[in-house]
Amino acid sequence: MAYNLTSSPLFSPDPNEGVYAEVIIPLALPRNYTWAIPTHLRANISKGSRVEVQLKNKKYSGIVKTIHTDKPTAFEPRDILNLLEEQPLIYPQQLKLWEWIGDYYMCSEGEVMQAALPSHLKLSSESILTYNEEFGENFSDLNDEEYLVAEALLLKKELKLSEVQQILDAAHVYPIIKGLIEKKVCMVWEALKDTYKQKLETYVHLEAAYHNEENLAKLLNEWSKNKAPKQLELLLSYLHVIRTEGEVTQTNLLKKANASSAQLKGLADKNIVRLEKRSVDRLPTLPRDIKIDFELSAAQVEAAESVERVLNEKSVCLLQGVTSSGKTQIYIKLIEQYIKAGKQVLYMLPEIALTAQIIRRLQKYFGGYITIYHSKFNPNERVEIWNKIKTGETKVVLGARSSLFLPFKELGLIIVDEEHDPSFKQQEPAPRYHGRDAAIYYASLYNAKVLLGSATPSIESYFNTQAGKYGLVNLTERYGNVQMPAIQIVDVKTIITKEKGKIILSPQLTEAIQQSLQEKKQVILFQNRRGYSPYQICGVCGWIPQCENCDVTLTYHKAKNKLQCHYCGTSYPLVLTCAACGNHNFVQKNFGTEKIEEALVEAFPEAKIARMDYDSIRGKNDHDALIKLFEQQKIDILAGTQMVVKGLDFEHVNLVGIVDADGILNFTDFRVNERAFQLMEQVSGRAGRREAQGKVIVQVSNTHHPVLQFVQHHSYEEMYRFEIENRKNFFYPPFSRVIQLICKHKDKNIAEEAANILGQFLNDKYAAYVSGPAEPAINRVRNQYLYELLLKLPKDAQFLRQCKQDILQQVSIVQSNKRYRSVTIVADVDAV
DNA sequence: AGCACGCCGACT
DNA sequence: GTCGGCGTGCTC
């Protein structure tokens, strides 16, 4: 029997019949649990409502997924304790998205909820101890620790569990609290606290009596000269400000009058002014208008029209535009159309590309229509954004992956910019979803369109256009008709020296930098490794220091004078003595950004040099500050990791150097060619943007690597054709979804055994591809990846489901073996 | 995720 | 003999 319960008020059930709700709570439970809806709440609870429920002895806020009258037989459901808002918190589309993500990425809906809701909408249960007044103050029966807590309780009357933990500074507070309860010193409350706080602003009003001019004049005239002169001064300032501004806030007034809050309080105590606390918006309000002050080039107009045409027919369109072709401008025009049609637009970017640069640009065009949303926002702001999107007030959201979970009212378009970026895929924790793919599903729920944009599309998206699933629009002309930079390959094989190892600055690169500096242009040097040297090797026996947890070679960081594991982040003191042979003869191998910076300083003492990588950027502001300096040409040479590439647009760069291309061509990951090509294209794209011809120098020892040929000619199609062919040798067919199983255990042997058993099974049944570690140095210990090829046909969801079931069953068989019981097996779906 | 229950090793 | 470690199982 099917119920249609999407809106309240609820159907009127037989009063004798129970009504139940399946509730999602933010935990990784095997399935959703059911609570009974008490009669007094029946009229108001509906799908998507936020409710307070009790599980075990904790309280949680959950979301009602379904409402039904099937009385559970296996257990007696408890009542829902409370309805937290009159209106459902989320729309049915969100529920469907959660369900899809949970199913597709193999996690619980609770885990999706965890990721989806701003933390303030997930109430936290905090145990609170209250003092029992009847106990009195005789603490002689208590032991030392109990005494400490009792004393604090006597003073404060109430203590949170976390506070008790601080007082005792011990891990086991429970026995002590138990003792206190038994001795009737205190009682425990489980309290659910709504953590969202409205921002309050104090407004200053003149008391009604003084709205009368006469009374006011009288007050001012009779103000005795020697009493509270500062208050009089403040009052006069107030009268002045109110005339020009209409309404006055406390902070504003005090600043303008240069007065203190005590003086204002004096006026309030005399009943001259009245202070009113009012909740206000945390988000700055900009005027709601669209100001677009540019014209599209002919090529852009053509592309924009094609996109519209494609989107009329298909729900997804891939816009492939070379770097600097002005994709963003096309987005802006498109967004404008959707706003005018009253629709909402979600503009997704990889987190790292959400820089002040792009934000400022969009705010300039869309003012108050646009809102930014990402995980770094503080929780109060996030709740406010949430609400504004839910009411449809905010039309455009610029956000990272997580903005996908916002409750859009009338979503019309999702733009996924830098579609190829691997950071759209969440790795840890669950849900391990791909922002782009989930966006395509989410959009379908609203009948909305999706525009994927990239200069270097991912193979799977490109493949989908070839298969006719997505539309494809090409934008091959750079804005202002600037040529793509010329690419020069420098063979460093011949100039590798025995003692010094790999060369950092070849004569060709040095000369090119010199020339750029002379022309007052800027240079970007790209190196995919941070730190000073990626590994040190014992000159006598060849031993290499590795991380204790990860089997990863330790990178030397000269600035900190420490060895660091780049996988888990652990820092180690410098190793001077070989653990294998006892000699003190380490040789530093290869180089990272730190060493490049050092080499640059030495080679170009006159130039201003900066380094941009994870280590040199502490806060988000450092990043912006450094970019600004570079924009203003206060830096000549910028050396950095991938950070220098993402979403940035520098006008005066005419030379880009890829210092060690071997480092990006040598991955053993099966996506190596695609990644290397994308990376090199993106880096190259930074050269010669709006200026004359730019130049790219690639230093490499394997000059015959096929990817280099494609990069040299910027030949995307050839690259993709090559890659598709290449992958057919590994996978059949290419570009399907695979399920990846990650086995984790303290003991790497046990993890590996379990992984092998699973891999064996998958191989037998699905002819699976079982990969080695993703990178030889990394992952060998904790993660064993097992890839299983899923789809005979990309659309065969049935097959996927079957495979998932088989895998889950096999996982439970493996875990029923005592030896592997505590192996954590994470199942994840990814595109290959 | 918590949290209780229960089974084995190091202590008064 | 007990205290306390963590491995195991359950929560509507």
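Throughout, a chain's letter reflects where its sequence line sits, starting with A, and its residues are numbered from 1.
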> How close or far is atom P of dA1(B) from atom NZ of Lys122(A), stated in whole angstroms?
Replying inline: 13 Å
> Does Trp35(A) reach the main-chain N or O of Gln54(A) with its side chain, forming a donor-acceptor pair under 3.5 Å?
Replying inline: yes
> Between Ile25(A) (CD1) and dC3(B) (P), how many Å, whole number?
Replying inline: 13 Å
>> Measure CD/Glu111(A) against C1'/dA1(B) and give the value in whole Å, please.
In response: 10 Å
Compile the donor-acceptor pairs under 3.5 Å between side chains in residues 399-407 of chain A and protein atoms, sequence neighbours left out, one pair per line.
residue	atom	partner	partner atom	Å
Arg401(A)	NE	Gln426(A)	OE1	3.4
Arg401(A)	NH1	Ser423(A)	O	2.7
Arg401(A)	NH2	Gln426(A)	OE1	2.9
Ser403(A)	OG	Ala400(A)	O	2.5

> Counting side-chain heavy atoms from CB outward, which of dC10(C), dA1(B), dC12(C) is closest to Leu29(A)?
Replying inline: dA1(B)
>> Please enumerate all residues that pass ring-ring contact (aromatic ring centres under 6.0 Å, His included) together with Trp100(A), with sequence neighbours excluded.
In response: Tyr104(A), Tyr105(A), Tyr441(A)
> Atom CD of Glu52(A) to atom P of dC12(C): distance rounded to whole Å?
Replying inline: 15 Å
> Should we count NZ of Lys65(A) as having more than 12 external heavy atoms under 6.0 Å?
Replying inline: yes
> Counting side-chain heavy atoms from CB outward, which of dC12(C), dG2(B), dA1(B) is closest to Ala28(A)?
Replying inline: dA1(B)
> What's the CZ-P distance between Arg78(A) and dT11(C), to the nearest Å?
Replying inline: 10 Å
> Do the side-chain N or O atoms of Lys58(A) get closer than 4.0 angstrom to the phosphate oxygens (OP1, OP2) of dC3(B)?
Replying inline: yes
>> Could you tell me how far apart His68(A) (NE2) and dC12(C) (C1') are, to the nearest whole angstrom?
In response: 10 Å
> Once you round it to whole Å, what is the distance between P of dC12(C) and CG of Asp70(A)?
Replying inline: 19 Å
>> I need the NZ-P distance between Lys56(A) and dG9(C), as an integer number of Å.
In response: 14 Å
